[in-house]
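The block underneath contains the structure these notes are about, expressed in structure tokens.
No experiment lies behind these values; they were computed from the predicted model shown.
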Amino acid sequence: TPLRAYAHQVPHYYLQSFGPAVTHPDTNEYAGFLQDTIRVSDRLALSLGARYDLQTFTTKGLQGNPVGPGAGPGPYNTGDCAPRVGWAYSIGNERPFVVRAGFGLFYTRIPQIYNSTVQSDSGLAGNFLFLNNNNFFDHQVFPQYPNPLVNCPVNAANCQLPSGLAQLEQADVSAFSHNFKTPRVQQASLNVEREVAHRMSVGVSYMYVHGVDLIRARDVNLPPPVNVSYPVYDPSGANFLGTYYDVNSFSTFQSTRSLTCPFPPCINPLARPIPQLGSINVFESTASSVYHGATLSIRRRMTSGVYFMLAYTFAHAIDDGQDALVAGRPATVQDSYAPNLEKGPSVTDQRQRFVFSFVLAPKPFHRDHEWLGLFFNNWKASGVFTYGSGRPVSATVTGDANQDGNNSNDRLPGVSRNSLLGPDYATTDMRLTRRLYAGDRVKLELMAESFNLLNRDNRRVQITQDGFQSNSAQFVQTDKTIGINIFPAQYRVPPSFLRATDAYAPRQIQLALKLIF
């Protein structure tokens, strides 16, 4: 297991990057905005606006690999004009019933990490060395832990692989799709609000957000997958559980002896369509997302030193595997031939959320009780209580079960992305302040703050690859014989399914002194 391998200093994999360590993803951004608010009548107000955005990237350093798909044209869209409209209508005079609505388009800024990744991952100057200790040839040069195979200074601008190891070098390539577009978001909202008592209002709102042309990376250098079956064992790997998992694998079985398979059966090495290159991650504008959210809120504006707000939100967010801000990591699409199967709850999906906040700033004593006011006035207490239902969790599998050379995109067969629910979350944050006056121009403020005041154990399922994670299964490449059938690998299920292995912060208290002059 990974934990035993770590304890005995026998790593399973070795990865080292080579080539230049510096990129220059220079960008210029231009934007213009027009807005006008029209008072149509005493009850109706109309807001109209439009925004134009243009983001340009330097093409310097974008070198396409001659045997690959090319670097792509890079992000450059000149038609990103986003109109917006909003209106508010008031019904009644004493305690009006107010309706607000709006719709708009929004074009997002493309992070420079994408251009940087395409510059560095061309397969021409910067490649990497990946060794699998289970592979016969890799094992011959596998370094002794914790020594590196090639020593390069930490601050070196360039690190080169010795010529004697060139046959083990791999080149992963990143590129922009030739129809790459700027991601855009369509957003609409509707809100109704009514004052039901003095300075107290109740409102109901609905929000719709639809992401279009979102960025998603897909490995296009993979052969068509074939369906294979592997047996399922208990955590020890000794007891067969009587079931099999079907996997769309990008590598086939080998049942005859060869140099790469001295003890058959084996899983054949991945035969990529372009064998000179490793993965070719193409950034495509093909992902989308949809968010629906409804909120019920009760709000009391500050009156007699008391303010509070209560809000309950029921929402649902769905996407199909957008890769925002994960450029430079392997593509997360499990099957590049069926990327639409990634559709599922977003990582930010939270069905229910309750928030209660308040501020208490009473001044019970006035001029006729100045001495009491010195001690009991100018105190302020505030707090926020938050509760949220669990967020989605994927049933991940370690060990590259689909054999695509990517250890971070495997899920339990038959289980869709983010289909499980993690633990819920609740916290109470409080603040107590006291302001002291030292003349007309100097004030001293004392503060005491607490986060997670009740010290709630907010657990979370954290999926990592360091051996201390809670996965749904582990894919182990050791042969198993069941009857007359011999399998080159098997699944092992953990003793507890997706157990929470981490937690958010415990109670924290801080004190502060603030001088205002």
Give a yes-or-no answer on whether the side chains of [X] and [Y] include a donor-acceptor pair shorter than 3.5 Å.
X    : Y    : answer
S229 : D246 : yes
N418 : D349 : no
T313 : Q352 : no
T182 : D80  : yes
D320 : Q322 : no
Q112 : T27  : no
Q16  : Y14  : yes
D219 : S336 : no
S174 : N281 : no

Does [atom1] belonging to [X] count more than 12 external heavy atoms closer than 6.0 Å?
X    : atom1 : result
Y76  : OH    : no
R459 : CZ    : no
R299 : CZ    : no
H292 : NE2   : yes

*side chain to side chain contact (heavy atoms under 4.5 Å, CB included) between T23 and V118, intermediate numbers included*: CA-CA 10 Å; T23 59; V118 174; over 6 Å; no
If you measure from [atom1] on [X] to [atom2] on [Y], what distance do you get to the nearest 0.5 Å?
X    : Y    : atom1 : atom2 : answer
L131 : F142 : CG    : CZ    : 6.0 Å
Q334 : N409 : CD    : CG    : 6.0 Å
L222 : D404 : CG    : CG    : 6.0 Å
I267 : L270 : CD1   : CG    : 11.5 Å
H24  : T58  : NE2   : OG1   : 10.0 Å

Closest heavy-atom contact between [X] and [Y]?
X    : Y    : answer
A271 : P223 : O-CG, 3.4 Å
D400 : G405 : OD2-N, 3.1 Å
R391 : T348 : NH1-O, 3.0 Å
P345 : P392 : CB-CG, 3.7 Å
P275 : P273 : CD-O, 3.2 Å

_Cation-pi, F106 ring and R184 (6.0 angstrom, 45 degrees)_ = no
[X] and [Y] ion-paired at < 4.0 Å:
X    : Y    : answer
D319 : R417 : yes
D424 : R456 : yes
R218 : E284 : yes

*Give the C-alpha distance, both sets of side-chain angles, the deciding distance and a yes or no for side chain to side chain contact (heavy atoms under 4.5 Å, CB included) between L149 and L129.*
CA-CA 10 Å; L149 186 65; L129 181 71; 3.1 Å; yes
Does [X] use its side chain to pair, donor to acceptor, with the backbone of [Y] at less than 3.5 Å?
X    : Y    : answer
D172 : S279 : yes
S472 : A395 : yes
S357 : V384 : no
D410 : N402 : yes
N268 : F253 : yes
Q474 : T398 : no
D36  : L48  : no

*Can you find a heavy atom in the side chain of Y107 that is under 4.5 Å from one in the side chain of P183?*
no
Can the ring centres of [X] and [Y] be said to be less than 6.0 Å apart?
X    : Y    : result
F487 : Y244 : yes
Y208 : F103 : no
Y245 : Y491 : yes
Y114 : F283 : yes

*Is there a salt bridge (Lys or Arg N to Asp or Glu O under 4.0 Å) between E342 and R411 once you walk through the steps?*
CA-CA 11 Å; E342 298 297 305; R411 297 191 298 269; 3.2 Å; yes
_E193 vs S201, side chain to side chain donor-acceptor pair (under 3.5 Å): CA-CA, chis, key distance, verdict_ = CA-CA 7 Å; E193 188 176 19; S201 60; 3.0 Å; yes
_Check against side chain to side chain donor-acceptor pair (under 3.5 Å), Q490 and T478_ = CA-CA 7 Å; Q490 86 271 180; T478 57; 3.2 Å; yes
*Kindly determine whether Y230 and F475 satisfy ring-ring contact (aromatic ring centres under 6.0 Å, His included), including the steps that lead there.*
CA-CA 9 Å; Y230 295 106; F475 184 76; 4.9 Å; yes
*Dump the intermediate steps for ring-ring contact (aromatic ring centres under 6.0 Å, His included) on F356 and F385, then the final yes or no.*
CA-CA 5 Å; F356 174 72; F385 170 76; 8.2 Å; no
